[in-house]
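In what follows, a single structure is set out as structure tokens and then discussed.
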Amino acid sequence: VLGNLQSGANIGRVIRSASIFGVTECVVVGQRKWPSFGDQGTRLDLPMRHFFRHEDAAAYLRGRGAALIGVEICAGAASLITYDRKTGVATFPFNRSTAFVFGNEADGLSASFRRICDSFVYIPQAIPQVREAFAAGNSILGEDGVVMG
């Protein structure tokens, strides 16, 4: 789920990453038209769905059995991935169809976006600041995933 991203290039990169990782649908909340520079044509391969209201997007996704996980650094957020260096096993805090909810680059998830989330994850990183599109690309992990915002 994408909402209120400020940069058309970031939107395009998220769409491209979603397509590469086999996401089945991209949900956009908010304005009806959005720029998508940098998608390299993948917007033509990835079904897009639009909602004006967060609650409508959430109802649609929950109706499809998806958990809504906000991607945000906040209290109670779990790491997106836990890697056991000893065993080489990576684990994730989700186990069913998942809609990752992304806010905009500057402010993160709005209060209305936070209200629709079932839980939150943060993306562990060695670099203190990472662009939203990079973060989105790294969190889109499964063919059952759905990106929403």
Side-chain angles (χ1 to χ4, degrees), residues 1-39 42-83 90-125 127-149:
V1 177
L2 303 175
N4 301 317
L5 288 182
Q6 297 171 348
S7 167
N10 284 348
I11 294 169
R13 289 179 190 123
V14 169
I15 291 169
R16 184 174 66 210
S17 295
S19 179
I20 289 167
F21 284 101
V23 169
T24 57
E25 184 172 33
C26 182
V27 174
V28 178
V29 176
Q31 64 189 34
R32 183 81 172 135
K33 291 186 178 186
W34 57 89
S36 59
F37 315 115
D39 67 8
T42 56
R43 71 187 175 287
L44 305 173
D45 299 326
L46 182 65
M48 306 286 283
R49 187 172 304 269
H50 174 265
F51 294 93
F52 284 108
R53 295 174 357 106
H54 300 88
E55 297 81 8
D56 295 337
Y60 167 75
L61 290 162
R62 286 197 176 102
R64 295 185 64 201
L68 278 68
I69 299 182
V71 180
E72 184 80 320
I73 298 171
C74 62
S79 176
L80 175 70
I81 184 170
T82 303
Y83 180 72
T91 56
F92 305 92
F94 44 90
N95 57 11
R96 63 180 184 154
S97 183
T98 300
F100 293 101
V101 182
F102 296 94
N104 79 18
E105 302 90 333
D107 300 322
L109 292 173
S110 66
S112 55
F113 257 153
R114 286 176 185 247
R115 282 192 294 274
I116 67 167
C117 294
D118 299 316
S119 61
F120 298 92
V121 294
Y122 67 89
I123 299 168
Q125 54 193 344
I127 302 168
Q129 298 295 321
V130 175
R131 295 187 67 136
E132 188 74 15
F134 178 76
N138 282 311
S139 64
I140 300 165
L141 295 169
E143 63 185 54
D144 291 329
V146 177
V147 176
M148 160 180 149

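In this chain, numbering begins with 1 at the start of the sequence shown. Being a predicted model, the structure only gives us computed values, none of them experimental.
Residues passing the side-chain contact (heavy atoms from CB on, under 4.5 Å) test with Tyr122, sequence neighbours excluded: Ile73, Ala77, Ser79, Pro124.
For the pairing with Phe51, the side-chain contact (heavy atoms from CB on, under 4.5 Å) check across Arg49, Arg53, Glu55 returns one residue only, Arg49.
Taking every heavy atom of both residues into account, Leu61 and Leu68 meet most closely at CB-CD1, 4.1 Å.
Distance check: Leu109 CG to Arg115 CZ gives 12.0 Å after rounding to the nearest 0.5 Å. Going from atom CG of Asp118 over to atom CZ of Arg62 covers 4.5 Å, rounded to the nearest 0.5 Å. His54 NE2 to Cys117 SG: the interatomic distance, rounded to the nearest 0.5 Å, is 9.5 Å. In this structure, Leu80 CG and Phe120 CZ are separated by 14.5 Å, a value rounded to the nearest 0.5 Å. To the nearest 0.5 Å, atom OG1 of residue Thr98 and atom CD1 of residue Ile69 are 4.5 Å apart.
Aromatic ring orientation, Phe100 versus Phe102: tilted (interplanar angle from 30° to 60°).
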Report the C-alpha distance between Val71 and Val101 in whole Å, list the side-chain angles of each, state the deciding distance to 0.1 Å, and finish with yes or no for side-chain contact (heavy atoms from CB on, under 4.5 Å). CA-CA 6 Å; Val71 180; Val101 182; over 6 Å; no
So Thr91 and Ile81, side-chain contact (heavy atoms from CB on, under 4.5 Å) or not? Walk me through it. CA-CA 6 Å; Thr91 56; Ile81 184 170; over 6 Å; no
